Number of protein chains: 2
Amino acid sequence: MAASDSLASRAGTAGQLSRGDVPVMRRASLREQVRAAVEELIVFGKLAPGEHLAEESLAELLGVSRQPVREALQSLSVAGFVDLRAGRGAFVHEPTAREAREVFHVRALLESDSCRLAAQNVDDDGVRRLEAIYAEGHEASQNHDDPRRLIELNRTFHRAITEIGGNRVSLALLADLERRAGWYLATIITNRAPSSWAEHRAILDAVAAHDADLAGELMLNHIDHSRDLLEFTGQ
Amino acid sequence: MAASDSLASRAGTAGQLSRGDVPVMRRASLREQVRAAVEELIVFGKLAPGEHLAEESLAELLGVSRQPVREALQSLSVAGFVDLRAGRGAFVHEPTAREAREVFHVRALLESDSCRLAAQNVDDDGVRRLEAIYAEGHEASQNHDDPRRLIELNRTFHRAITEIGGNRVSLALLADLERRAGWYLATIITNRAPSSWAEHRAILDAVAAHDADLAGELMLNHIDHSRDLLEFTGQ
DNA sequence: GTCATCCATACTGCATACAGTATGGAGCTG
DNA sequence: CAGCTCCATACTGTATGCAGTATGGATGAC
């Protein structure tokens, strides 16, 4: 069926996230796969804001039972992608301009701080890692690769910075915030990408130079630019 | 049964949170009640870090089926109170000193920012609201009321500041972070309370005076003091 | 024609049932 | 006696079943 095909393809994408080249790839739980699948459907506009996500239909679509769907929807609710109305079920969240501003504001706070920490903590391995991601992202952005890949690379760079910063609580919060921001930006990322990676270059240099203040400030401006772009598009 | 009694009493506590005096109090869903109950059991040490939370036993203890328990545990996992090991189930999270530092660090970032925003946005109503909370908290702290109440009042003050600040995304993140911080502090809150409310007084004054920089800095120091206390206790 | 009421429908929320798997210890082997 | 294998056990993950309820439209009253 097209149904199980759909879920299978999403699962592949989800697998990339936890890629650790473990000998036996532990299949993710159905609720994780469903979560990833539904999130992607939302981010790429297959499910419109306000749309009612009936558990039964989603379960049928993905070829699983209602149970994992239900749990996935609750998880997506915490992450801000769907709203759970008591007794009514799940609806695709309808982002407002205000909310987008707030997400970017918080993200700027946390990432700027993480970037400052990264500049203090980074070692040669970390710099090499950032260089590698930058090279890949810079190229992809100039080739105007597909949005999905650009989003993934962008996220990888930001996550690497935060990981080097070393605050795992921040890392966990930013994982969700970045996905939400990615949703808001999904439609415009292609145009944004080149200038974005130019800014990534400057951030990388500041981190490599252990200049904490500059690194933090650059990250702040970087995320502000994303937000500004969002405003322009009349989102 | 003692089982349902237990859940019922927890549900009463949870009800306080959403107290809005609506004509017909909509009973919270079982998973919400279970979540609140289990979180309280963890925060007040009835369930020790590392303990295995078998769905069946919890369900029996609370007089409900496994389903709402399962969903509550997943929710608690996101909030950092339990860890879900694949195939093994839920275990009470074991906080480390490092993690506590990280939580307080992020909390300080977000609350300091919110406090700055509050000082910019506050109106007379807001000031009156803070004054009322302060009066109640100041008194309770001097009377050495029970920890549960002190935690609740402390949380109310901080949440009020964040609400006045107006960033709802921050508000949602801080709700979880404050509960986690409350867990870490639960054992020492009684001693901490008096000096804490002295600092609340200063924060309130800065907010009322619309002094954004001062308000932000005071909140930063305030949360740092909580963290320092945590370090002292050898947590 | 407008409004209230009633009811059929569809879906959620919770409970139960079933299958698969991680684990710890008994028993066996070297 | 040490270490490995195998199996009984317990628990998770998923599926299904059932009762309660929110909703929207049809019907009737004014």
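The shown structure was predicted, so the numbers you read here are calculated from the model rather than taken from an experiment. The figures here come from the full heavy-atom set of this structure, side chains too, leaving out hydrogens, waters and symmetry mates. Chain letters run A, B, ... following the sequence lines, proteins first, then strands; residues in each count from 1.
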Trainee: For L73(A) and dG13(C), give me the distance from atom CG to atom P, rounded to whole Å.
Mentor: 10 Å
Trainee: With respect to E111(A), which candidate in H158(A), H222(A), R159(A) satisfies the side-chain hydrogen bond (donor to acceptor under 3.5 Å, both in side chains) definition?
Mentor: H158(A)
Trainee: Thinking salt bridges, do R70(B) and E71(A) make one under a 4.0 Å N-O criterion?
Mentor: yes
Trainee: Which residues satisfy the ring pair (Phe, Tyr, Trp, His ring centres under 6.0 Å) test with F157(A), sequence neighbours excluded?
Mentor: W197(A), H200(A)
Trainee: Using the rule given for side chain to side chain contact (heavy atoms under 4.5 Å, CB included), can you reason through L73(B) versus L58(B), listing the C-alpha separation, both sets of side-chain angles and the distance that settles it, and then say yes or no?
Mentor: CA-CA 10 Å; L73(B) 289 176; L58(B) 266 184; 4.2 Å; yes
Trainee: Salt bridge or not between E136(B) and R149(B)? Use side-chain N to carboxylate O under 4.0 Å.
Mentor: yes
Trainee: Below 3.5 Å is the cut-off: list the nitrogen or oxygen pairs between protein and nucleotides 5-12 of chain D, distance only.
Mentor:
unit_1	atom_1	unit_2	atom_2	d
dT12(D)	OP1	E55(B)	N	3.3
dT12(D)	OP2	E55(B)	N	3.4

Trainee: How close or far is atom C1' of dC14(C) from atom CG of L84(A), stated in whole angstroms?
Mentor: 16 Å
Trainee: Write down the distance between CD (Q67(A)) and C1' (dC18(D)), rounded to a whole number of angstrom.
Mentor: 14 Å
Trainee: Measure from CD on E71(A) to P on dT12(C) and round the result to the nearest Å.
Mentor: 15 Å
Trainee: Between H93(A) and F81(A), does the ring centre distance come in under 6.0 Å?
Mentor: no
